Amino acid sequence: MTQTQAESPARLKKEAGRRRTFAIISHPDAGKTTLTEKLLLYGGAIHLAGSVKARRAARHATSDWMKMEQERGISVTSSVLHFDYAGFRLNLLDTPGHQDFSEDTYRALVAADSAVMLLDNRKGVEEQTRKLFAVCRRRRLPIFTFVNKCDRAGEDPLQLLDDVERDLDIKCYPVTWPIRDGTRFLGVLDRASGKVHLFEKGADHGQSRTEAQIVDANDPVLLDLLPSGALETMEEEVALLDAVGATMDEAAVRSGELSLTFFGSALTNFGVEPFIKHFLAHAPPPASRETSTHEIIQPTDPEFSGLVFKIQANMDPKHRGQVAFVRIVSGRYEPGMTVNIPRTDQRLRLAAPQQLMARERVSLEEAWPGDVVGVVDRGSLRVGDSLSTQPGVEFTGMPRFSPEHFASVKMEDAMKRKHLDRGLRQLAEEGTIQLLYAESLTGPIPIVGAVGMLQFDVLLARLDAEYGVTARLEPLPYRVARWVVGPEARMRAVGTAIGRKLVEDAGGKPMVLFETEWSLQRAAEGEKELRFHDVRP
């Protein structure tokens, strides 16, 4: 084993131990992009945060790099943001907020070691939150809850906690607790330290860090700083939490059964800094990963290994290659190392790892377990690929969900067929859409599938901007799809019936498209030799 393949155990343990790799999950409009900005602000990665109004008018969030994201004010791709805080290296997987791009979020959660669930204090748990929480629950990810927009009137915090616990079947332990005078937000109590952080709305609309006034909860000066009714309400509510609320349990936090909960306002920066400090104290370092042969790879194993969880083509218009987002599982990544790709049984020499800051790239000399790096690639890698200096290491658990909307692709300039084929292939490989093929007398016909309709808008925009192809989509009547396993003759019989279509995905796996849920139900009940899957088998 060479020094490029392994690193001293002490340094490897130290570097892995100070990494925290996490994702933020939320329903659209809960304030995820704003919270992301403020985490970067407090981590020193940026020095000025834009308010929502200013961001729309003059600048865009650091993580929103695609033209469509900037124009529409939404996040439609996952990006990776890195910053240091108090000796820790934080790797933030900023995921799409829009529900039409939930599959990109699912893949990012596979690369994360914990998740921050962001809630709007006026709405609590919403539909997209439930779906993403379910993915976290399947992976047993530790989940930290940040109740946002507390500077505005919202639901009673005790009721909100009760709603979260009943809706998601998870216990919540409030680490910070809001102090209110009616609907007016006054600050938070840090239950761990016994300190009260008093809220002061800055004049710069949250562009710079907030320096809160901090007072001991038992200090009589609070009687002068807070209305007596607000202080009494806080004491009564905290006493109730102490008596009948969840108790702090580190093991339950690590197993995803107890969510540490925080209150604040990302827009005004209030409550963000206490959240970061407690998050770092309780969030787990990089976890071990299981391979397809049930081997457990530890972060401190000396051999390098990693998992490709995202492919992004054309991030830089001047360089038309693709960037593979690699979550490092074990060992040290350094320039020039050669790795195995079990899917193709090939070896690949890796260039210098690149730190990704949304669209920006910075070359690195090394990277460690928990880090996410960009690997410039010319088409050798796919989402879900495993990379390792040892042969045969293949990680499990990269989901591919069945699409719900389908369309055929029509183009105006037939001379650009090759450009269209290349664009569809690359965009499917990075997960923008799913590419399916139906048989015909003239050869396979491409069909595009999506989890949400907005993915089709992104597809057309990127075909035009990045591949010079003007195309249009003709909707197909199918509403549900399933991968199918079983005898080929039975697949064809089911897939050629009225209201159904037999296709193959880009990897050659057979699927059947159905016009209605009832048609799927009838097929699943009547075909005992076939098995239908909504996640790629």
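Only a predicted model underlies this, so the values are computations on that prediction, with no experimental measurement involved. Only this structure's heavy atoms are used, side chains among them; waters, hydrogens and symmetry mates stay out. Quick note: residue numbers are just sequence positions, from 1.
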**OP:** Report yes if some heavy atom in the side chain of Ser386 is under 4.5 Å from a heavy atom in the side chain of Ser305; otherwise report no.
**Re:** no

Original post:
Between Lys149 and Asp120, does at least one N-O distance fall below 4.0 Å, as a salt bridge requires?
Top reply: yes

**OP:** Please step through side chain to side chain contact (heavy atoms under 4.5 Å, CB included) for the pair Arg327 and Leu93, ending with a clear verdict.
**Re:** CA-CA 11 Å; Arg327 156 63 197 256; Leu93 307 179; over 6 Å; no

Subject >> Result of checking Asp181, Val196, Leu186, Leu226 against Leu231 for side chain to side chain contact (heavy atoms under 4.5 Å, CB included) >> reply: Leu226

Original post:
Looking only at heavy atoms, which two atoms of Val308 and Ile311 are closest? And how far apart?
Top reply: CG1-CD1, 3.8 Å

Subject >> Nearest-0.5 Å distance, CZ of residue Phe146 to CG of residue Asn121 >> reply: 10.5 Å

Subject >> Sub-4.5 Å side-chain heavy-atom contact between His278 and Leu260 >> reply: no

Subject >> Validation row: Leu241, Pro174 side chains within 4.5 angstrom (heavy atoms) >> reply: yes

Original post:
Should Phe262 and Ile276 be marked as a side chain to side chain contact (heavy atoms under 4.5 Å, CB included) after you check the CA-CA gap, both sets of side-chain angles, and the distance that decides it?
Top reply: CA-CA 10 Å; Phe262 305 82; Ile276 297 176; over 6 Å; no

**OP:** State, yes or no, whether a side-chain contact exists between Phe133 and Val125 at a heavy-atom distance under 4.5 Å.
**Re:** no

Original post:
Does a side-chain heavy-atom distance below 4.5 Å link Cys150 with Arg180?
Top reply: no

Original post:
What is the distance from atom CE of Met453 to atom NE2 of His405, rounded to the nearest 0.5 Å?
Top reply: 6.0 Å

Subject >> Between His82 and Asp371: side-chain donor-acceptor atoms closer than 3.5 Å >> reply: no

Subject >> Backbone N/O of Lys14 and side chain of Arg18: donor-acceptor pair under 3.5 Å >> reply: no

Subject >> Donor-acceptor contact present, side-chain Gln455 to main-chain Val451, <3.5 Å >> reply: yes

Subject >> is_close_aromatic(Phe270, Phe185), centroid dist under 6.0 Å >> reply: yes

Original post:
Going by heavy atoms in the side chains, are Thr247 and Leu258 under 4.5 Å from each other?
Top reply: no

Original post:
Is a donor on one side and an acceptor on the other found under 3.5 Å between the side chain of Asn148 and the backbone of Leu118?
Top reply: no

Original post:
Do the non-hydrogen side-chain atoms of Leu92 and Leu90 ever get within less than 4.5 Å of each other?
Top reply: no

Original post:
Looking only at heavy atoms, what is the nearest atom pair of Pro142 and Arg254, with distance?
Top reply: CG-O, 3.4 Å

Original post:
How about Phe279 and Phe22: are their ring centroids closer than 6.0 Å?
Top reply: yes

Subject >> Atom CZ of Arg122 with >12 non-hydrogen neighbours under 6.0 angstrom >> reply: yes

Subject >> Nearest non-hydrogen partners of Ala252 and Ser255, listed with the distance >> reply: O-OG, 3.2 Å

**OP:** Work out which heavy atom in Leu427 is nearest to a heavy atom in Arg462; give both atom names and the distance.
**Re:** CD2-CZ, 3.5 Å

**OP:** Specify the closest pair of heavy atoms between Leu109 and Leu141, including all atoms of both residues, with the distance to one decimal.
**Re:** O-CD1, 3.8 Å

**OP:** Dump the intermediate steps for side chain to side chain contact (heavy atoms under 4.5 Å, CB included) on Ile170 and Thr145, then the final yes or no.
**Re:** CA-CA 11 Å; Ile170 187 173; Thr145 300; over 6 Å; no

**OP:** Decide whether Asn269 and Lys38 meet the rule of one side-chain donor and one side-chain acceptor closer than 3.5 Å.
**Re:** yes

Original post:
So, Asp385 and Arg382, do they make that salt bridge, N to O below 4.0 Å?
Top reply: no

**OP:** Examine distances only and state if a side-chain atom of Thr21 and a backbone atom of Arg19 form a donor-acceptor pair shorter than 3.5 Å.
**Re:** no

Original post:
Nearest 0.5 Å, what's the CG-CZ distance between Asn91 and Arg20?
Top reply: 11.0 Å

Original post:
What distance do Leu350 atom CG and Tyr333 atom OH have between them, rounded to the nearest 0.5 Å?
Top reply: 4.0 Å

**OP:** Compare all side-chain heavy atoms of Arg191 with those of Tyr173 and state whether any distance is below 4.5 angstrom.
**Re:** yes

**OP:** To the nearest 0.5 angstrom, please state how far the CD atom of Glu257 sits from the NZ atom of Lys171.
**Re:** 11.5 Å

**OP:** Might you point out which heavy atoms bring Ala471 and Leu463 nearest each other, and give the distance in Å?
**Re:** CB-CD1, 4.4 Å

Subject >> Residues Leu225, Gln213; criterion side chain to side chain contact (heavy atoms under 4.5 Å, CB included); working and verdict >> reply: CA-CA 10 Å; Leu225 297 174; Gln213 183 179 359; 3.7 Å; yes

Original post:
Can you tell me if Gln434 uses its side chain to pair, donor with acceptor, with the backbone of Ser402 under 3.5 Å?
Top reply: no

Subject >> Point-to-point distance, once rounded to the nearest 0.5 Å, from CG of Leu460 to CG of Leu473 >> reply: 4.0 Å

